[in-house]
Amino acid sequence: MSVHVIGAGVAGLAAACQLTEAGHHVVLFEAAKTAGGRARSHYDNVLGCRIDNGNHLLLSGNIATLAYLQRIGANRSLTGPAEPIFPFHDLRTGKSWTLRLNQGGFPWWIFSSRRRVPGTRLHHYLGLLKIRRAKPSDLVAPLLAGTGPLYSQLLELLAVSALNTSPQVAAAAALRSVFAESLDLGGYATIPRYARGGLSETFVDPALNWLRERGAVIRLGERVSELNPAQATILAVPPWAAAELVPGLTVPNEFESIYNLHFKYSLPPGEAGFWGFIGGMTEWVFAHSSVISVTISAASRYADMSAQDIAAKVWSEIASAFSLPPEIPVYRAVWEKRATMLATPAQMARRPKTRTNNPNLMLAGDWTDTGLPATIEGAIRSGNAAAQALMSGLNGLSAIV
Ligand SMILES: Cc1cc2nc3c(=O)[nH]c(=O)nc-3n(C[C@H](O)[C@H](O)[C@H](O)COP(=O)(O)OP(=O)(O)OC[C@H]3O[C@@H](n4cnc5c(N)ncnc54)[C@H](O)[C@@H]3O)c2cc1C
């Protein structure tokens, strides 16, 4: 009569919502005391306010995410510019510039020197087409070598952020799927989006409320250590946890970290927003009302540096870009050691499908074979797919009728 969903990250939450919407009784198990997994918010004593574990950037083309937010009544919780524009600051030149895509499908922005990446020419953008023919073994950096300043001023940053893997070793095919659902469709699918008031307030709490209101049972702080093969189940835990629960399951087994720094500092009114940084350690800067948050992907390359040295370097970069005082404000560092799977060709080949050998058991999570890198959009799609797959076998499943 009921479906067990194990893991209350966005993949498990999406699966639980899909099943509940279809009239099934869901019991959602989460090992941690709070839901959200790798996309969560918490109150920070040092900063005296709530922060996210890390900035999460989405795009208007993330259709499964938008549909999920609509379903749980949180569709107004994302914010960002109304246009497909991305402000950048180049630490090497000290110059700021803004990438301004046009809304429609034909990319006429690349013909305008005021809209495209500074110093780029048309042939650099043509080099980008190689990504469409990327083979599973192709790597991002070598494949895009011919894109010159387009690579060093935009693509390198996009690749490392989207794949959380050094472009030297990242699978180009993984980036192809990102471009196919954003740039290739046009600016309307590439409008930046991020949580207005926190990841938990956006992706997690509204979903838990929505589920509870519809009779789902949420069991926080309950780690599942064994699966009942006869019970209809969606396993939406990280890959290492799935491998423990399903003997013989092949899963990605190499991971990359993401480093987040949250500085207690308010930019003047009107300065709230986000920026991409090029040529330094800082990659993305999000200015919230009282905190400036910085994200650094593929952060294992900085494993030898102390938190203090990283904070000093990053703050010096931000201070130079925004003309801020050199003293480092109070800060909190959040180093997510296993933020995502490593998006190398070898690791991509280890992603399992939704279905397992047991028709009662489906897999979900950003690390499953979603066709997308390990992202919120991929995680939500995986949850939807797992719920659909389980429901399609409904008649044959005694536990779920
Ligand atoms: C710092 C950071 C920045 C990121 N930035 C972006 C971004 O900008 N854009 C983007 O789209 N994505 C981003 N991501 C990736 C995104 O957060 C993940 O893809 C997504 O949250 C994964 O969701 P999930 O449900 O697949 O997995 P998880 O969030 O890992 O959820 C799995 C859940 O299972 C629980 N669990 C584990 N074992 C058990 C067990 N035995 N029993 C019960 N429960 C169990 C865990 O506690 C966890 O809550 C970022 C991730 C991090 C860490």
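Start at 1 and go down the list; that is how both ligands and their atoms are numbered.
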Protein contact of atom 29 (O) of ligand 1 - nearest heavy atom, named by residue and atom, plus distance: Arg38 N, 2.8 Å
Aromatic contact, Phe86 with Trp275 (centres under 6.0 Å): no
Heavy-atom side-chain contact between Ile318 and Val294 under 4.5 Å: yes
Identity and distance of the protein heavy atom lying nearest atom 31 (O) of ligand 1: Gly9 CA, 3.4 Å
Sub-4.0 Å atoms of ligand 1 with respect to non-hydrogen atoms of Ile6: 42 (N), 43 (C)
Nearest-neighbour protein heavy atom for atom 39 (C) of ligand 1, which is reported as residue plus atom name and distance: Val237 CG1, 3.5 Å
Inter-residue atom distance Glu30.CD - Ile218.CD1, 0.5 Å rounding: 10.5 Å
Atoms of ligand 1 close to Ala241 [distance to a heavy atom under 4.0 angstrom, numbered from 1]: 38 (N)
Per-residue contact class, Glu336 against ligand 1 - non-hydrogen pairs under 4.0 Å: side chain
Ring center gap for Phe255 and Trp240 short of 6.0 angstrom: yes
Greater than 12 external heavy atoms within 6.0 Å of Gln103's CD: yes
Separation between CG of Leu128 and OG1 of Thr120, rounded to the nearest 0.5 Å: 11.0 Å
Backbone or side-chain N or O of Ile376 under 3.5 Å from ligand 1 N or O: yes
Whether Asn62 lies under 4.0 Å from ligand 1, heavy atom: no
Contact check: Asn260 vs ligand 1, nitrogen or oxygen atoms, below 3.5 angstrom: no
Nearest-contact summary for atom 6 (C) of ligand 1 - protein heavy atom, Å: His56 CD2, 3.4 Å
Test of proximity, Gly12 against ligand 1: N or O pairs below 3.5 Å: no
Proximal atoms of ligand 1 relative to Gly36 (non-hydrogen, under 4.0 Å): 29 (O)
Heavy atom of the protein closest to atom 26 (O) of ligand 1 (residue, atom name, distance): Asp366 N, 2.9 Å
Nitrogen or oxygen atoms of Asn53 and ligand 1 under 3.5 Å apart: no
Within 45° cone of Trp210 ring axis and under 6.0 Å: Arg212 NZ or CZ: no
Numbering as shown, the atoms of ligand 1 that approach Ala339 to under 4.0 Å (heavy-atom distance): 53 (C)
Lys/Arg-Asp/Glu bridge criterion (N-O < 4.0 Å) met for Glu21, Arg71: yes
Contact with ligand 1 for Glu222, non-hydrogen, under 4.0 angstrom: yes
Verdict with supporting geometry, Arg92 and Glu317, salt bridge (Lys or Arg N to Asp or Glu O under 4.0 Å): CA-CA 10 Å; Arg92 295 163 299 195; Glu317 293 176 350; over 6 Å; no
N or O contact, Leu57 vs ligand 1, cut-off under 3.5 Å: yes
Nitrogen or oxygen atoms of Ile258 and ligand 1 under 3.5 Å apart: no
Per-atom contacts of ligand 1 with Pro238, taking only distances under 4.0 Å to non-hydrogen atoms: 30 (O), 32 (C), 34 (O), 37 (C)
Ligand 1 versus Ala236: contacting region, heavy-atom distance under 4.0 Å: backbone
Per-atom contacts, ligand 1 versus Gly365 - under 4.0 Å to a heavy atom: 26 (O)
For Leu261 against Ala311, the heavy-atom pair lying closest together: CD1-CA, 3.9 Å
cation_pi(Lys337, Trp335) dist<6.0 Å, angle<=45: yes
Aromatic ring proximity, centroids under 6.0 angstrom, Tyr265 and Trp315: yes
Closest approach of any protein heavy atom to atom 25 (O) of ligand 1, naming residue and atom: Ala11 N, 2.9 Å
Validation row, ring centre Phe274 to ring centre Tyr194 under 6.0 Å: yes
Gly7: numbered ligand 1 atoms lying under 4.0 Å from its heavy atoms: 33 (C), 34 (O), 35 (C), 44 (N)
Sidechain-backbone polar pair: Ser257 side chain, Ser300 backbone, donor-acceptor under 3.5 Å: yes
Test of ring centre spacing under 6.0 Å for His262 and Tyr331: no
Protein heavy-atom partner closest to atom 41 (N) of ligand 1 - residue, atom, separation in Å: Val224 O, 2.9 Å
Arg351 to Trp367 six-membered ring, cation-pi geometry met (6.0 Å, 45°): no
Exam field: side chain Arg115 to backbone Leu101, donor-acceptor pair closer than 3.5 Å: yes
Nearest-contact summary for atom 35 (C) of ligand 1 - protein heavy atom, Å: Glu30 OE1, 3.3 Å
Within reach of ligand 1, part of Ala374 (heavy-atom separation under 4.0 Å): backbone
Geometric N/O contact Glu377 with ligand 1, under 3.5 angstrom: no
Polar atom proximity, Val10 to ligand 1 (N or O, under 3.5 Å): yes
Ala31 N/O under 3.5 Å from ligand 1 N/O: yes
